[in-house]
Number of protein chains: 2
Amino acid sequence: MAGSKAPPTIQEVAELAGVSKSTISRYFSGFPVRNPEQIRAAVERLGYRPNSAARDLKNGRTRTVGVAVRDLADLYFARILRAIGLASSEVGFHLLVADTSLTSERLAYETLRQRADGLILCAPQLDDSELESLVDDLRPVVIVDRLAPGVRAPQVGVDFYAAMLGLIAHTMDLGHRRIAYFAGPPRSWGDRERRRAFETAKTFGAIPTILEAADSDQLDAAINTALSDGTTAILSFDDFIASSTISRLRKLDVSVPDEISVTGFDDVGYASLSNPEITTVRTPLGDLGERAWSELRALIEGAEATATSVLLPAEVVVRASVAAIAKA
Amino acid sequence: MAGSKAPPTIQEVAELAGVSKSTISRYFSGFPVRNPEQIRAAVERLGYRPNSAARDLKNGRTRTVGVAVRDLADLYFARILRAIGLASSEVGFHLLVADTSLTSERLAYETLRQRADGLILCAPQLDDSELESLVDDLRPVVIVDRLAPGVRAPQVGVDFYAAMLGLIAHTMDLGHRRIAYFAGPPRSWGDRERRRAFETAKTFGAIPTILEAADSDQLDAAINTALSDGTTAILSFDDFIASSTISRLRKLDVSVPDEISVTGFDDVGYASLSNPEITTVRTPLGDLGERAWSELRALIEGAEATATSVLLPAEVVVRASVAAIAKA
DNA sequence: CTGAAAGCGCTAACAT
DNA sequence: ATGTTAGCGCTTTCAG
């Protein structure tokens, strides 16, 4: 035996303080009581701490928000998560987190939901129809960093399409036409939105090439292709790909931006510290989290679940990795 | 009214399936039952989900681990956190997280502990004596990324002292003697450990200067000092400071590593993508988290709390930001 | 302002 | 294998 005794209950505090359980309960709920000092002393002496399981059971709510992310150690998600945590803790909510990199998304959601009053799903990968059915028994739920048409839950995303268009416009202003898009996770909403921007850009005279670059081998291949097909600017899915690209280009003695321009996306940290500093898009991760929380909060408080979708704007951050195209 | 009905209880499932509550309970606990199919159907039909508050209350445990970190969006902590999350979820534990950047540490710990079976404190900033008293009523607790002598709880840290010594040895091998340490958070354990290494290095002929560099202004000042006092190598508290230093040096047209060498610490991401790639120390963040979890798990299962302290080794990663000293 | 009592949803003897 | 029953610790009517 480790000699660990059962923790004190409200009953024991009541006895020690010479009042009834109800009085102790009221004391903790902030109601006026006759002898607060006596109670405080008893609580202190016993090391009493309210049992939240009992409380939650009685109250029928947990004051906990469940958040599922694909990778806790990805700065992108970590920032969203922090924003949710800070915003929700302001109103006394706790943050229960699941990293879905190893478990199935479904399962993770299900178990999270069991201990939380509501869920925030970060960029769920499930396809729309699967998500649609899941969301029904997970409710209240809000989806963040993805738009899922048809799913009856608030969805808050970033206008990647417009932002990427902004990046394209910026490069085109500097004379670039043969632009390569170094794509990210193929089936993700974020990637699809960025691709749409290139479709649109054709109308304006851009000559885009889409190259997969989500993993290391693909990236090498993409760089080779870009280097040999007359590409003058590489627009990457995110800062990590941009950073890796620049680093590999350096090894090949190709200078950025003098010989080829490169852009990032998200502005998550490497971008401003790189050499050259990377021109990118500032994705409002904190706003994303805060907005997701406020939507969820409304739902928890009884609002009707609608398919509201919010698209936050993101702005281009011009730095040094894009230069005017060299005159041939 | 939002028309949200109370969620179904085990009782309703029992009635629908034509058995008693106990049978349903057993069904969910994996005991053999006569008619599993019927139960599954009832559960499905009602959309029943076990109420974990009730379960926790009855069982006297939450199967939740509480983790407090100073900044959820710092890759350093995020990696530790992920490791804890993955390891604990393997045995069915949930992860409750608190970001202590805004709240008082004490308060955050207290509220976390209320809903968790045990706590992992990440680099708590409280001083030893405060921590010592707190730990007593938080138990079971484990402290990670810091050693706090006198505190009766397992503590798992990284041997920063030895690692920094390794970095110093590496630079000295390349001829450097006038070495500047760009210090981090002044009162932190991690910073103190690194400083100790410089103390020791004097014995071997190093001529160290300690310069505060925790914020942007200090960093500028430190760089100016280093540039004018004959420093040939800058060893930074972490990769972020190293990266920022290199970036500022570049603006001053000082070449790294040709004119001055720079090292980082932790290897958290910027280090390998920088130009030049940064020589650093690989801090075993994942191991830190896993180890912390296994210590906590033992405590939760009834082990005696002792002041065990574990120091994990970290190795130097030689890259390109340190060069042999230029012959004067 | 306070106490008595009922019950939140679930589990675990105990008896069958 | 199943049903009955007694709480787990707390909040909240309801009476005083």
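Sequence lines set the chain letters: A, B, ... in the order given, protein chains first and strands last, and positions in each chain run from 1.
The side chain to side chain contact (heavy atoms under 4.5 Å, CB included) search around Glu44(A) returns none, not counting sequence neighbours. Scored by the salt bridge (charged side-chain N to carboxylate O under 4.0 Å, His left out) test, Glu193(A) finds Arg196(A) as partners (sequence neighbours excluded). Residues meeting the side chain to side chain contact (heavy atoms under 4.5 Å, CB included) test with Arg34(A), sequence neighbours left out: none. Annotation: side chain to side chain contact (heavy atoms under 4.5 Å, CB included) contacts of Glu301(B) (sequence neighbours excluded): Arg297(B). Among residues two or more places apart in sequence or in another chain, the side chain to side chain contact (heavy atoms under 4.5 Å, CB included) test is passed with Asp191(A) by Tyr181(A), Ala183(A), Ser188(A), Arg195(A), Phe237(A). Partners of Glu110(A) by salt bridge (charged side-chain N to carboxylate O under 4.0 Å, His left out), not counting sequence neighbours, listed by chain and number: Arg49(B).
Using five terminal pairs a side, the axes of the helix from dC1(C)-dG16(D) to dT16(C)-dA1(D) at its two ends make an angle of 30°, given in steps of 10 degrees.
For residues 135-158 of chain A, the side-chain hydrogen bond (donor to acceptor under 3.5 Å, both in side chains) pairs, not counting sequence neighbours, are Tyr76(A)-Asp145(A), Asp128(A)-Arg146(A), Asp136(A)-Arg139(A). Applying the ring pair (Phe, Tyr, Trp, His ring centres under 6.0 Å) test to pairs two or more places apart or on separate chains, those with a residue in residues 91-131 of chain B are Phe93(B)-Trp293(B). Counting only residues at least two apart or on different chains, the ring pair (Phe, Tyr, Trp, His ring centres under 6.0 Å) pairs with a member in residues 27-63 of chain A are Phe28(A)-Tyr48(A).
Judged purely by distance below 3.5 Å, without hydrogens or angles, the side chains of Ser101(B) and Asp71(B) never pair a donor atom with an acceptor atom.
Only at 4.0 angstrom or more do the heavy atoms of residues 37-44 of chain B sit from any atom of DNA chain D, so none qualifies.
The distance between atom CG of Asn35(A) and atom P of dT2(C), rounded to the nearest whole Å, is 8 Å.
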**OP:** If a protein heavy atom is under 4.0 Å from the base, mark B; if only from the sugar-phosphate, S; if neither, -; do that for nucleotides 8-16 of chain C going 5' to 3'.
**Re:** BBBBBBB--
